[in-house]
Every structure is written in C-alpha cells, then in structure tokens.
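Report on the following structure.
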Amino acid sequence: MPELPEVETIRTSLLPLIKDLEIIKTEVFHEDVLINKDQRPLQGWIISDLRRRGKYLLIDIVSSDNPEAEALLMVHFRMTGKLLFRTELVSPTKHTHVRFHLHGDQDAWLDYEDVRRFGRIWLLPAGGENENPGVAGLGPEPLSEAWTLEDFQNKIKKSKAPIKSVLLNQTAVAGIGNIYCDEALFRAKILPDRKADSLSEKEIRQLHEAVRYVIKEGIGHHGTTFSDYVDGLGRQGHFQQQLQVYRRSGEKCKICGCDICKDKVAGRGTHYCPKCQI
DNA sequence: CGAGGTACCTGACAGC
DNA sequence: TGCTGTCAGGTACCTC
C-alpha cells in the first residue's frame, strides 16, 4: 500500500530509467483507470522529470515537437497500484490497465498494474496538480520545513476526532497512511483513539518528531512490503522488519514485552501497545 | 462544517 | 471440495 516512503522509492527507482525517454504509444486496457478529460493524445511526449506530492507521483512531460508544450501525468497508487519498468515486452495480465511504450536508445515499457483497480492516472496540463482537489487539499510535506510544529499544533488542537483520523486525513500533513500512522503513534507513545484536542504540547512535539522519523526511516529502507508493494523495478521494501506495532497484534512489544493489541479506530485496523502508549 | 459511515475493488483466508 | 463471509485500506461522497 504505497504511502509517502513507497511512492518516494518508486520515484527514485524510476527517475534514472525513464527520464528523457519518449512515450511513443499508450495502451489503455481499462478505461476507468486513466482520466484524460481533454482527450489529448497520449503519445509524442518526452518524460522530463519525476516529482512527488504526498502519495501522488507526478510525471512531467514535454511535447516531442514543441518543447514549450508541457503536461503532467499524475499517478495515485491507492492500495495495490504498481508502476513497473520493463525492457522486455511481456503479455499484459488481467491487472495490467495502462501500458506506456517508451523509446530512447532502446524500447522499454512502463506498465501500470493494479489488482484492486482503486488507483488512477490523470493526464493534466502542466502544473495541473494544484487544481486537482485531491492534491490541492494536501497539507505540508512532513520532511519539509513548511511543516512546522506550530502549524501541526494548531490543526490538532482544532479537532475532536481521534488523533489517528487527523494523521490519516492528509490535511494536517501529507503522505501518512495506516502503517506509518500506527508506527508514529507508537513512537510518540500516544494511543490512536485519543481525542486530538486532548494531546499535550509535549505529546504533539513527540508526534511531530515521530512522524518525521518513521517517514525518513521508511524511505531509508525503501518502503514497507507486505504483499503488493514493489518499486519501479519490482523490488520489495525492507521497513517491515523495523515495524514496532503494525501487523504485530499478539506479538510482544519490543520495548515492554506485553502483547501488541489490535482494534478498529477511524474505521481502520489499528495496532498499538497498551502499556507504552497512553 | 466536522465527524462518521460506506462504496469502490479483488484476493486471501477462516470456517463450515 | 467448495461455498460464504470477512478483512485489507485511500479517497470520494454521502448523511447527520
């Protein structure tokens, strides 16, 4: 389930492989997945850069005949989406929804595969991510200086929802999903169902630090793989080995030794240590 | 408007 | 064996 560290790993794995390649043909096997409201052609574009915003991957493209004509392919992987780079043509499976045929020194293919088909790809004008409601509503990047403790404090103090909901809803801070949410709350020693406005300044400071820490560590370990997530070359992540609570219910807490619990909070499976977190 | 619930999807798995 | 039910979860959308 690609969250910020997974999307960042996809970005860094794909960038050196597809930058400057030309999209010479696009095949769409499932219409719902690719959103192209202007019905613009999906060939004749050169990939100029890969960026990321929250859990969105932004593929900047320029026209091959007019370098001033720019556009954007924006990808959200949701649960099971994958973007796979291949230098050999393979038969599309029932989960292959969009295929970009690329050309540089040699032919290559970039396949969007998605078992549950929740993910989407948008073809937008250059800079069009900011008009997309999903991206426009995103809070600051957790590793940027724009995400200040003061900003986080203000958002948290205004909400009576469980702190887990605040972390997941993308407006206080962008890119946190269920895994890194549970891990950050464990590290900050805060129970996931605590009302946000009940957190002390010290706890908010701990949580701010914990979010940055788990996101950084997640990126450092190339993301977390349980079943689906792989990078642009099909490689798994390693952060699952570092997890303290996520999917460890019934196992022992690595800090205090008591059993990790699992409940439903904010409609999500939620893992926590009942002794370390208060 | 904030908060909570549900639809979207398919595969894995438990239980009978 | 094969069926049914439940769970997984990011986001849009709906309702209160």
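Everything quoted here is computed from the prediction, not taken from an experiment. So you know, we letter chains A, B, ... as the sequences are listed, proteins then strands, and number each from 1.
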Taking only the side-chain nitrogens and oxygens of A/His95, find out if one of them lies under 4.0 Å from OP1 or OP2 of B/dG11.
-> yes
Base, sugar-phosphate, or nothing for A/Pro162, non-hydrogen atoms under 4.0 angstrom?
-> sugar-phosphate
NA contact type, A/Met1, heavy-atom cut-off 4.0 Å: base, sugar-phosphate, or nothing?
-> sugar-phosphate
Have a look at A/Ser159 and say if it touches a base, only the backbone sugar-phosphate, or nothing, with a 4.0 Å heavy-atom cut-off.
-> sugar-phosphate
Using a cut-off of 4.0 Å on non-hydrogen atoms, how would the nucleic acid contact of A/Arg247 be classed: base, sugar-phosphate, or nothing?
-> sugar-phosphate
Base, sugar-phosphate, or nothing: which does A/Tyr246 touch, judged by heavy atoms less than 4.0 Å apart?
-> sugar-phosphate
Heavy atoms under 4.0 Å, any strand shown: does A/Arg117 hit a base, just sugar-phosphate, or nothing?
-> sugar-phosphate
Counting just side-chain N and O atoms, does A/His76 come under 4.0 Å of either OP1 or OP2 of C/dG10?
-> no
N or O in side chain of A/Lys264 less than 4.0 angstrom from C/dC7 OP1/OP2 = no
Look at all strands and tell whether A/Gly119 reaches a base, only sugar-phosphate, or nothing, counting heavy atoms closer than 4.0 Å.
-> nothing
Aromatic-base stack, A/Phe118 on B/dC8, cutoff 5.5 Å, angle under 30 = yes
Phosphate oxygens OP1/OP2 of B/dG11: is one of them under 4.0 Å from a side-chain N or O of A/Lys94?
-> yes
Could you tell me if the ring centre of A/Trp109 sits under 6.0 Å from that of A/Phe100?
-> no
